[in-house]
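Handing you this structure, nothing more for now.
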Amino acid sequence: MTKLSVRHLLGIKNLNENDIQTILDTATQFKEVINRPIKKVPSLRDITIANVFFENSTRTRLSFELAEKRLSADVVNFSASGSSVKKGETLLDTVNNILAMKVDMIVMRHSSPGAPHYLSSRIPANVVNAGDGTHEHPTQALLDAFSMREKLGDLAGKKIAIIGDITHSRVALSNIFCLQKLGAEVMVCGPSTLIPKHLGDLGVKISHNVKEALQWCEVANVLRIQLERQQIKYFPSLREYSLYYGINKAMLDELGKEIVLMHPGPINRGVELSSDAADSNHSIILNQVENGVAVRMAVLYLLAQQ
Ligand code: CP
């Protein structure tokens with residue numbers, strides 16, 4: 001069996017192409033498993049995993065929990081709200097106390113970029129980054145790549161546009177690293193205030209015209225406007241953002257070509273995507289969610305072999 005080159009999944013930046021292909025190929029096998037009448041395998045029996053979430057989540061948290069249960073792991077869930085973090089307990093003390101209860105693996109979401117990296121150098125357990133602030137969200141990029149590969153085949157040479165709030169998005173950075181390692185061409189599109197100046201250094205194309213981006217790409221991965229991370233105004237109003245960067249079904253139909261529409265969720269309906277686009281035949285948004293379980297099963301299974 002092929003092994004990963006890493007003990008922790010901290011970001012896509014730390015993976016090589018072989019790691020990514022191994023995860024995607026393993027996820028293909030697990031997708032077949034979770035579509036059987038009996039969706040469980042004993043692969044992680046006697047392994048205990050803690051899902052440690054310091055930030056809100058619907059998809060990632062439930063998807064990890066289901067992935068762990070499908071692999072027969074024992075699971076405990078921790079939310080910062082309602083915990084002793086509110087009494088001032090540190091991140092490291094919190095996690096060391098969880099590990100003292102014989103936990104083998106930590107899946108963590110945290111608002112501080114680098115928090116999982118900090119933890120991984122101080123604890124003996126495997127660490128999986130479930131999103132660290134505006135930095136990386138590696139399992140989202142892997143499930144996005146898996147979903148694109150299912151639709152388009154090998155991603156080498158494919159054109160992928162990432163459209164929206166790039167500045168505040170951990171999904172954008174992980175997707176850029178992942179898609180480039182798989183040989184795809186990447187464009188980012190949004191208002192100049194929502195595209196970091198250094199992004200051109202990563203070798204991505206940059207556009208400020210959403211129609212140009214849609215014409216260019218085979219896949220449009222649309223990102224949420226993250227108002228909760230914005231300390232200043234990056235555009236005059238949501239209405240104006242929607243007018244210039246919002247995507248609706250008519251825009252996709254008018255392209256006269258096949259285009260795959262993606263969004264990591266949660267969607268701001270009527271802002272970056274209209275409901276008729278999000279729910280259209282172009283959209284694979286719910287396929288992304290389905291694939292998240294198989295991809296996370298693959299990640300946990302492969303890390304447990306390290
Ligand atoms: N895509 C994603 O990370 O969604 P959640 O914040 O609901 O986990």
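Note that the structure is a prediction, hence the values are computed from the model and not measured. All values below were derived from every heavy atom in this structure, side-chain atoms included, with hydrogens, water molecules and symmetry-related copies excluded. In each ligand, atom 1 is the first atom listed, and ligand 1 is the first ligand listed.
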Pairs flagged by side-chain hydrogen bond (donor to acceptor under 3.5 Å, both in side chains) wherever residues 281-291 is involved - sequence neighbours left out: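 Every side-chain hydrogen bond (donor to acceptor under 3.5 Å, both in side chains) pair that includes a residue of residues 281-291, provided the two are not neighbours, is Lys31-Asn291, Asp144-Gln288, Ser147-Asn291, Glu150-Asn291, Asp253-His282.
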Qualifying residue, where the test is ring-ring contact (aromatic ring centres under 6.0 Å, His included) with His110 and the options are Phe54, Phe78, Tyr118: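 Passing option: Phe54.
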N-O pairing of Arg61 and Glu65 below 4.0 Å: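 Result for this pair is no, no salt bridge flagged.
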For ligand 1, the residues whose heavy atoms come within less than 4.0 Å (ordered by chain, then number): Ser57, Thr58, Arg59, Thr60, Arg109, His137, Gln140, Pro264, Gly265
His135 and His117 aromatic ring geometry - parallel, tilted or perpendicular at 30°/60° bounds: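 Geometry flag for His135 against His117: tilted rings.
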Side chain to side chain donor-acceptor pair (under 3.5 Å) involving Asn18 - partner list, sequence neighbours excluded: none
Partners meeting side chain to side chain contact (heavy atoms under 4.5 Å, CB included) with Asn248 (sequence neighbours left out): Ala250, Met251, Ser274, Asp276
